[in-house]
Amino acid sequence: MTVAEQLKGKDFLCLSDYTKEEIQYLLDLAAKLKDEQKKGIPHPHLAGKTLGMIFEKSSTRTRVSFEVGMYQLGGMAMFLSGRDLQIGRGEPISDTAQVLSRYIDGIMIRTFSDDMVRELAEFASIPIINGLTDMQHPCQVMADFQTIIEQKGKLEGLKLAYVGDGNNMVHSLMIGAAKVGMHVSVASPAGYEPNASVTEMTKQFAQETGVNVVVTHDPMEAVKDADVIYTDVWASMGQEAEQQERIEKFKGFEVNGEMMKQANPDAIFLHCLPAHRGEEVAAEVIDGPQSRVFDQAENRLHAQKAVLVALMG
C-alpha cells in the first residue's frame, strides 16, 4: 500500500498517529500545492466536497486558512459554532458524529478536550482533523515544519528549542520533532513543564530516530546551538485569569536578542501567533531579520490543504 493510500480516510488527531514517511508525504504535498497556488494553477482536488468546521474556541488563522483552503481546492467549508450545534445542548457526541457523517466529507474541530475529538473520530465514518485542543495543535506543527524546510532545506538533524509554557503547542512540536528526526530542547519554569506523558512518549519516538530530547528550567541551556527557536503565549485561551501571575513566574523566559545570540547565527525564530511583544518575545526578535512568523502563518493554508487533500481527496 502506498503512503497516499494509507492516508485516505485517516483521521488527523495527533502526530503520534503518523509515521515519519506520512508526515514527509504531507509536507511534500504542501510544497506542491503552495507552488501551484503561487503560479495560479488550479487544483480542485476536493470539488463537490464539504468540510464541517466545529469551533468551541475563537480563531483567526485556523478558520480563515481552512475556509480559504477548501475554496481553493474546489470544495466548501461550513462554519459550525459549538453554540449552534445540538452538542451544545447535550446531544451525545456519538450521535453528532454519525449524523454529520451522512452529510459532509470531513470535520475539522477546534475545542478544549482531546477526549471529545477522539470520541468524534471513533463514531464518525469521515476523517476528523484536530484544529486545536488543550493538549495538541498538530496542524500548526505541519505549517512550522514546512517553514523550517523552506528556510533550512531539511528537518532531520536540526535542533528545535522551545522556550515558554508547556502547553498544547509544545506537546505537538515535541512529538512531531522526534518523529521526523529533529533534536528538541524545551525550557519552562518549574511547575509549567510539558505534560509528563507527552515527554515520555517523545523520548520513545526519539529513541527510534536517534535524536536528543531535553526538558530543562534553563532557557539559555535550551537555546544553545539551536537552529530554530520557538515560543508561544504564556497564558493560553482559558488561562487569562492567570496572566499576571504567569508574567511573574516566567521572568527570564522572554525570547530576546541576548537569547537569540546563544543559538546558531543563522537560527530562525517562530511563533504560532497571536504574540504579546514584551512578554514571551521581544519586538526586536519577532519583528527582526531572523523572524519567520508570517511565512509560518501563511503556511497554515498550504499545510492544511495537504492534510485535506490526503484525507478527503
Check: Tyr230 ring centre within less than 6.0 Å of Phe269 ring centre: no
Within a 6.0 Å radius of atom CD on Glu5, are there more than 12 heavy atoms belonging to other residues, nucleotides or ligands? yes
Taking C-beta and beyond as the side chain, do Met260 and Val223 meet within less than 4.5 Å on heavy atoms? no
Classify the ring geometry between Phe253 and Phe250 as parallel (under 30°), tilted (30 to 60°) or perpendicular (over 60°). perpendicular
Where is the tightest heavy-atom contact between Leu270 and Ile148, given as atom of each residue plus distance? CD1-CG1, 3.9 Å
Honestly curious: do Leu173 and Ile175 fall in one hydrophobic cluster under the side-chain, below-4.5 Å linking rule? yes
Are Lys305 and Glu67 close enough for a salt bridge, meaning some N to O gap below 4.0 Å? no
So, the side chain of Lys152 versus the backbone of Ile268: is there a donor-acceptor pair under 3.5 Å, distance only? no
Less than 4.5 Å apart, any side-chain heavy atom of Ile128 and any of Val117? yes
Flag the pair Arg300 and Asp144 as a salt bridge only when some basic side-chain nitrogen lies within less than 4.0 angstrom of an acidic carboxylate oxygen. no
Quick one: does Asn299's side chain have a donor or acceptor within less than 3.5 Å of a partner on His302's backbone? no
Rounding to 0.5 Å, atoms CZ (Arg63) and OG (Ser58) come to a distance of 11.5 Å
Counting only heavy atoms from other residues, nucleotides and ligands, does the tally under 6.0 Å from CZ of Phe79 exceed 12? yes
Step through the shown structure and confirm whether more than 12 heavy atoms of other residues, nucleotides or ligands are within 6.0 Å of CE on Met78. no
Would you call Asp28 and Lys32 a salt bridge, using N to O less than 4.0 angstrom? no
Would you kindly confirm whether Val255 and Leu158 end up in one hydrophobic cluster when ILVMFWY residues are joined by side chain heavy atoms under 4.5 Å apart? no
Looking at Asp17 and Lys10, is any side-chain nitrogen of the basic one under 4.0 Å from a carboxylate oxygen of the acidic one? no
